[in-house]
Amino acid sequence: YIVGTCPVCAHEGAYGDQCEKCGSSLNPTDLKNPKSTLSGKTPVLKETKHWYLPLDKYQPWLEKWLLEGKKGQWKPNVYGQCSSWLHEGLQPRAMTRDLDWGVDVPLPDAEGKKLYVWLDAPIGYISSTRQWAKENNRDWELYWKKQPNEEDNARLIHFIGKDNIVFHCIIFPTILNAYGDYILPENVPANEFLNLEGDKLSTSRNRAVWLHEYLDDFPGKEDVLRYVLCANMPETKDNDFTWKDFQNRNNNELVAILGNFVNRTLVLTHKYFKNVVPEYTNPQAIDEETLDQVKILREAVQTNLDAFRFREALKEMMNLARLGNKYLADMEPWKVIKSDEERVKAILYVALQITGNLALLMKPFLPHKSAQLQEFINLKVSDWDLIGKKDILPSGHTLGKSGLLFDKIEDAPIEAQVEKLKAASKAAATKQEPQVAPAGEEITFEDFTKMDIRTATILEAEKVPKTDKLLKLKVDTGLDQRTVVSGIAEYYKPEDIIGQQVCILVNLAPRKLRGILSQGMILMASEPDGRLTFVSPKQAVINGAEVR
RNA sequence: GGCGAGGUAGCUCAGCUGGUUAGAGCGCGUGAUUCAUAAUCACGAGGUCGCGUGUUCAAGUCACGCUCUCGCUACCA
């Protein structure tokens, strides 16, 4: 909105950001004789004060702490994104805003200033800890402050998505470090994005699975969702949540492998030994070897959890149920019972130990079902360290009342969810009233008539090289044929718009974009999400017709 | 356009510092089995490791070029 004389080449029509004559990029304050393009008056420089985080000053520290210190430790996607930012060079970042809503800047000379959300939000992690500590009679500083002995420090780990990497890896650590005695994030195992039925999640488009609705639709299945989300976690690249996959994983994995193993063990114990854990006499090598596997699987789960490989950890947990199924299939207690009840006692003893250990091993992933299984088998203790014990359910122990841990999900509710999703996003798309831009300032009729808008036809269109959004158009305005550069390439392909009739502002001052002189501006309807659509006469009219 | 991450069986992924016939789970096929929610167990069929060139005795694994997906960034009169 500002023109003036270029300080480099003395061209008089230079813009506030760039001089087209010499191509220099400028700041508005660099211009000599600046004038407003709206009113023609000389702009007044108004100061607005903002507080900055001088990230540039901490660049050397970040390079050492992050680039050197976290190399090979942080996930490639996280480390790569951070090093990309650091290589571009950090700039001071404004931490205050001129807004009429938000958290006030708590400084005497900061009237009307609000804190930038990403200064504020991570500090909320600390204040919420303080609040929690207060309510629970704990010392919050143990969780955030550096302790006299480094090994006593709390470990700070941020579980986030990739869109939050910069705030948790660069900005927040810089603040913590600058402040002084706070611990720093040990790791930030950010995930990629999870899509929903092949498209991005979007709460504004109501393209989401709302948790309260899920719990209504699938009561008691909170752990099923946990399981599917964990098994499908976008740890290395974007992934897709589909209801079909949800159903398959429930039916083929939770029901068929885990639930089924538990069920058959408990049913057999009930049938043969009246729900009491039998004696473990004359164990065979296979029995001991099978029980030895439990500890190995626990180690595998643990190692993977420590390394934030949750999908793999989950798979190892399921392997314990697989081990149990295989053991039962190999031992065939339902056959042996006909000839050797003593042997069946040992077999079911082993199967029950696997079940007991499984109840504990699944706890990090399926907390509700873990508790439920503990009730089934009347297991009161739940320490992780117990996993591997070969007598977690000792002989003579009476089991509880059992049922089914998981049940099958039929096609109908799954299809209903898919339909619901479609209907919801369709409804959201048609509604769409909110967040249209408010009406602009009142202008006079003369102001309006200054704009000469005409109908025109696009004759040629090509993408401007090295840009994503720009198309170079040749249009027939009725008056002439001229070149217009337009930022519509995301929504229109060049070959699709040739012959398209549009409206064009013909008396707009020409402007060079990417080295191409753009003479005029194509009128577009711009929706809140940024989508653009041509504003065109409904019926074909001559080129050059005045639009009023 | 620049930068980052990813592209390995139908699907989701593993393959560390290059080394014999590329692995797992689910799905699929065949067989076994019946204690179990037609669940389970065994066996099997599926892969030009995105494309190309190069380095090497040897490349999914290294180098260069290209291509596709996601993200950050620039351009959007």
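In what follows, every chain begins at residue 1, and chains take the letters A, B, ... in the order their sequences are listed. Quantities reported herein were computed from a predicted structural model and do not represent experimental measurements.
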Query raised in the report: Can a donor-acceptor pair be found between the side chains of A/T290 and A/D287 at a distance below 3.5 Å?
Result: no

Query raised in the report: Among residues 404-414 of chain A, which residues get a heavy atom nearer than 4.0 Å to RNA chain B?
Result: A/L404, A/L405, A/F406, A/K408

Query raised in the report: Reckon A/K469 touches a base, only the sugar-phosphate, or nothing at all at heavy-atom distances under 4.0 Å?
Result: base

Report task. Taking ring pair (Phe, Tyr, Trp, His ring centres under 6.0 Å) as the test, write out the residues that go with A/H397, two or more places apart. Result -> none

Query raised in the report: How does protein contact run along nucleotides 22-28 of chain B, one letter per nucleotide 5' to 3', with B for base contact, S for sugar-phosphate only, - for none, heavy atoms under 4.0 Å?
Result: --BSSS-

**Report entry** A/K326 NZ - B/A32 C1' separation (whole Å)
**Finding:** 13 Å

Query raised in the report: Looking at the side chain of A/F193, which of B/G71, B/A39, B/C72 is the nearest nucleotide?
Result: B/G71

Report summary line: note: A/I165, atom CD1; B/C3, atom P; distance rounded to Å ~ 18 Å

Requested in this report: Could you work out the separation of B/C62 and B/C16 based on their C1' atoms and round it to a whole Å?
Outcome: 15 Å

Query raised in the report: What is the glycosidic conformation of B/G31: syn, defined as within 90° of 0, or anti?
Result: anti

Report summary line: Within residues 262-272 of chain A, the residues having a heavy atom closer than 4.0 Å to RNA chain B are A/N263, A/R264, A/V267, A/L268, A/K271

**Report entry** Presence of A/N239 side-chain N/O under 4.0 Å of B/C13 phosphate oxygens OP1/OP2
**Finding:** yes

Query - Whole-Å gap separating P (B/C76) and CD1 (A/I516) - result: 12 Å

Query - Sole residue of A/E222, A/E253, A/R249 in side chain to side chain donor-acceptor pair (under 3.5 Å) with A/Y227 - result: A/E253

Query raised in the report: Separation of A/L323 atom CG from B/U40 atom C1', in whole Å?
Result: 14 Å

Report task. Measure from the side chain of A/N260, starting at C-beta and using heavy atoms only, and say which of B/A39, B/C41, B/G71 lies closest. Result -> B/A39

Query raised in the report: Expressed in whole Å, how much space separates the C1' atoms belonging to B/G19 and B/A59?
Result: 10 Å

Query raised in the report: Would you say A/K474 and A/Q481 make side-chain contact, with heavy atoms under 4.5 Å?
Result: yes

Query raised in the report: Between A/K237 and B/U8, does any side-chain N or O lie under 4.0 Å from OP1 or OP2?
Result: yes

Query raised in the report: Is there side-chain contact between A/Y349 and A/K345, with at least one heavy-atom pair below 4.5 Å?
Result: no

Query raised in the report: Across the strands shown, which category fits A/K200 at heavy-atom distances under 4.0 angstrom: base, sugar-phosphate, nothing?
Result: sugar-phosphate

Report task. Mark yes or no: A/K71 above the aromatic ring of A/Y79, with NZ or CZ under 6.0 Å from the six-membered ring centre and no more than 45 degrees from the axis. Result -> no

Report summary line: Among B/G2, B/C41, B/A77, the one nearest any side-chain atom of A/L508 is B/A77

Query raised in the report: Using Watson-Crick and G-U wobble pairs whose two distances are both under 3.5 Å, how do you write the pairing of RNA chain B as dot-bracket, with | for links to another strand?
Result: (((((((..((((.....[...)))).(((((.......))))).....(((((..]....))))))))))))....

Query raised in the report: Where along residues 71-78 of chain A does a heavy atom fall under 4.0 Å from RNA chain B?
Result: A/P76, A/N77

Query raised in the report: How close or far is atom C1' of B/G6 from atom OH of A/Y79, stated in whole angstroms?
Result: 19 Å

Requested in this report: Counting heavy atoms from C-beta on, name the nucleotide in B/C41, B/C76, B/U33 closest to the side chain of A/K335.
Outcome: B/U33

Query - Atom-to-atom span, NZ of A/K369 to P of B/U37 - whole angstrom - result: 16 Å

Query - Nearest-Å distance once atom P is located in both B/G46 and B/G10 - result: 12 Å

Query raised in the report: How long is the line joining CG of A/N325 and P of B/U37, in whole Å?
Result: 13 Å

Query raised in the report: Rounded to the Å, how far apart are A/D245 CG and B/C13 C1'?
Result: 12 Å

**Report entry** Flag, side chain of A/N325 to backbone of A/I257, donor-acceptor distance under 3.5 Å
**Finding:** yes

